[in-house]
Colleague: 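Below you'll find the structure I mean.
Read the numbers this way: they start at 1 and go in the same order the structure lists the ligands and their atoms. Predicted, not measured: the structure shown is a model, and the values here were computed from it.
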Amino acid sequence: MRPSTFLPLGLAALTSGTPLSLARRSLFPPTSTAKGFVLVANVTDLSRDLTPSIQHFKLVGVHVGAGLETAVLTPDAGRVLYENGTDVEGYGIAADSSLSTAAAPAGFIYPYGMQIIPIPLGVEEDEDPGDADDADYVDHVGIDVGTAQRGVGIRDPPPASTPSTQAYGPDAGTFCVCFEAKPAYGRPQYPVRFARVQTVDGVAYQQIPDGCAPIRLLAQCAALEQVPAGAIYGHDFARTVRCYDNVAAVSWS
Ligand SMILES: *[C@@H]1O[C@H](CO)[C@@H](O)[C@H](O)[C@H]1NC(C)=O
Ligand SMILES: *[C@@H]1O[C@H](CO)[C@@H](O)[C@H](O)[C@H]1NC(C)=O
């Protein structure tokens with residue numbers, strides 16, 4: 001995949017002339033609270049959606065190695081996640097073990113956590129030399145065994161900084177979802193990636209590769225699952241977040 005042209009962030013902000021008061025009202029549909037949630041993709045600019053559309057697809061993890069999952073979007077049920085941590089240690093997005101007691105002995109059932117890291121080269125990139133370009137601009141999003149990466153979570157709704165209850169990554173970047181032309185084990189279809197904000201000569205840029213659609217991952221309330229019997233973790237640090245009852249049913253205007 002060849003990367004698309006640079007999008008200077010400052011310019012995009014300058015050219016959007018929507019009156020703030022109107023924009024605000026439409027972004028604040030009613031929310032509930034829950035400890036569990038699934039993440040639902042919302043394509044903010046429908047002209048950049050993939051074909052067929054991935055609007056309202058949900059985030060799950062696909063096994064790509066021992067204890068390693070790549071975050072992908074699916075039209076089916078989403079993986080139940082929770083925001084985990086403390087104010088002192090910071091928060092991350094965690095998930096229950098995908099192994100049950102049937103598959104792993106007691107003491108070997110670990111929690112999973114979201115990780116946003118450089119794309120593991122040779123694992124998810126195909127042999128097309130142009131494809132390696134993606135790795136310069138977007139990170140891999142994984143759900144892996146162990147502690148969730150701190151500094152990743154669900155933004156509070158107003159009056160806090162952002163107007164919706166959506167996942168945030170390690171910088172002000174944007175989640176996106178990509179079309180995988182040659183899906184295979186380790187290179188699943190619809191991988192979720194994170195487009196970092198890069199500063200070049202003092203100007204902030206963000207690059208969404210061709211074949212990828214920028215998305216927001218909105219939290220939709222879900223019941224936190226039971227911790228599997230024999231697990232070495234619990235839900236003691238699961239935090240209550242604001243979430244939508246049903247993202248697909250929200251009226252945004
Ligand atoms: C969700 O997507 C719709 C359609 O593109 C858009 O109007 C709305 O503003 C989006 N909501 C959020 C919170 O991004
Ligand atoms: C959840 O948070 C607690 C407290 O910060 C931490 O000890 C634990 O490792 C975290 N679990 C995950 C899966 O991140």
Colleague: Can you tell which of Val88, Asn84, Thr147 gets a heavy atom nearest to atom 1 (C) of ligand 2?
Modeller: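 Nearest option to atom 1 (C) of ligand 2, by heavy atoms: Asn84.
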Colleague: Any nitrogen or oxygen of Arg216, side chain or backbone, less than 3.5 Å from one on ligand 1?
Modeller: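 It does: an N or O of Arg216 is found under 3.5 Å from an N or O of ligand 1.
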Colleague: Identify the closest protein heavy atom to atom 4 (C) of ligand 2: which residue and atom is it, and at what distance?
Modeller: Glu89 OE1, 3.3 Å
Colleague: If you measure from each non-hydrogen atom of Gln149 to ligand 2, which part falls under 4.0 Å: side chain, backbone, both or neither?
Modeller: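 Neither part.
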Colleague: Please check if the side chain of Asp171 supplies one atom and the backbone of Val197 the other of a donor-acceptor pair under 3.5 Å.
Modeller: yes
Colleague: To which protein heavy atom is atom 3 (C) of ligand 2 closest, and what is the distance rounded to 0.1 Å?
Modeller: Phe237 CD1, 3.6 Å
Colleague: Answer with side chain, backbone, both or neither: which part of Thr44 has a heavy atom less than 4.0 angstrom from an atom of ligand 1?
Modeller: both
Colleague: Decide, yes or no, whether a salt bridge links Arg79 with Glu69 under the criterion of side-chain N to carboxylate O below 4.0 Å.
Modeller: yes
Colleague: For ligand 2, is any non-hydrogen atom under 4.0 Å from Ala148's backbone (N, CA, C, O), its side chain (CB onward), both, or neither?
Modeller: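 Near ligand 2, Ala148 shows its backbone as well as its side chain.
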Colleague: Say whether Tyr112, considering both its backbone and side-chain N or O atoms, lies within less than 3.5 Å of an N or O atom on ligand 2.
Modeller: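 It does not: no N or O of Tyr112 is found under 3.5 Å from an N or O of ligand 2.
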Colleague: Any side-chain donor paired with an acceptor under 3.5 Å for Asp96 and His235?
Modeller: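 Distance-only check passes for Asp96 and His235.
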Colleague: Using side-chain contact (heavy atoms from CB on, under 4.5 Å), reason through Ile116 and Val152 one step at a time and then give a plain yes or no.
Modeller: CA-CA 8 Å; Ile116 300 180; Val152 174; 4.1 Å; yes
Colleague: Return the minimal non-hydrogen interatomic distance between Gln55 and Val43, and the atom names on each side.
Modeller: OE1-N, 2.6 Å
Colleague: Determine whether any heavy atom of Glu83 lies closer than 4.0 Å to an atom of ligand 2.
Modeller: no
Colleague: Considering only heavy atoms of Gly146, which atoms of ligand 2 have at least one such atom less than 4.0 Å away?
Modeller: 13 (C)
Colleague: Using a 4.0 Å cut-off to any heavy atom of Gly85, which atoms of ligand 2 qualify?
Modeller: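 That gives atoms 2 (O), 5 (O) of ligand 2.
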Colleague: Give a yes/no verdict on a cation-pi contact between Arg196 and Tyr205, requiring under 6.0 Å between NZ or CZ and the six-membered ring centre and an angle within 45° of the axis.
Modeller: no
Colleague: What heavy-atom pair brings Asn42 and His56 nearest, and what distance separates the two atoms?
Modeller: OD1-NE2, 3.5 Å
Colleague: What part of Val250, side chain from CB on, backbone N/CA/C/O, both or neither, has a heavy atom under 4.0 Å from ligand 1?
Modeller: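 Contact part for Val250 vs ligand 1: neither.
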Colleague: Do the side chains of Pro209 and Val138 get nearer than 4.5 Å, heavy atoms only?
Modeller: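 They are in side-chain contact.
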Colleague: At less than 4.0 angstrom from any non-hydrogen atom of Val43, what atoms of ligand 1 do you find?
Modeller: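 Counting atoms of ligand 1 from 1, those under 4.0 Å from Val43 are 2 (O), 4 (C), 5 (O).
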Colleague: Flag Asn42 as yes when one of its N or O atoms lies below 3.5 Å from any N or O atom of ligand 1, and as no otherwise.
Modeller: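 The answer is yes, given that Asn42 and ligand 1 share an N or O pair closer than 3.5 Å.
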Colleague: Hey, what do you get for Cys243 versus Cys221: SG atoms under 2.5 Å apart or not?
Modeller: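 Yes; the two sulfurs sit under 2.5 Å apart.
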Colleague: Give the residue, atom name and distance (to 0.1 Å) of the protein heavy atom nearest atom 6 (C) of ligand 2.
Modeller: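 Its nearest protein heavy-atom neighbour is Arg150 NH2, 3.9 Å.
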Colleague: For ligand 2, which atoms have a heavy atom of Pro111 less than 4.0 angstrom away?
Modeller: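 Close to Pro111: 13 (C).
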Colleague: For the pair Phe57 and Tyr190, name the ring-plane relationship: parallel under 30°, tilted 30 to 60°, perpendicular over 60°.
Modeller: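 Rings of Phe57 and Tyr190: perpendicular, over 60°.
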Colleague: Taking the non-hydrogen atoms of Ala95, is any one of them nearer than 4.0 angstrom to ligand 2?
Modeller: no
Colleague: Does Leu218, backbone or side chain, put an N or O under 3.5 Å from an N or O of ligand 1?
Modeller: no
Colleague: Among side-chain atoms of Arg242 and Thr31, is any donor-acceptor pair under 3.5 angstrom?
Modeller: yes
Colleague: Does Gly113 come within less than 4.0 angstrom of ligand 2, counting non-hydrogen atoms of the residue?
Modeller: no
Colleague: Please tell me if atom 14 (O) of ligand 2 is touched by the protein, where touching means a protein heavy-atom distance below 4.0 Å.
Modeller: yes
Colleague: Using a 6.0 Å distance limit plus a 45 degree cone around the ring axis, check whether Arg150 lies over the aromatic ring of Tyr91.
Modeller: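 Not satisfied by the 6.0 Å and 45° rule.
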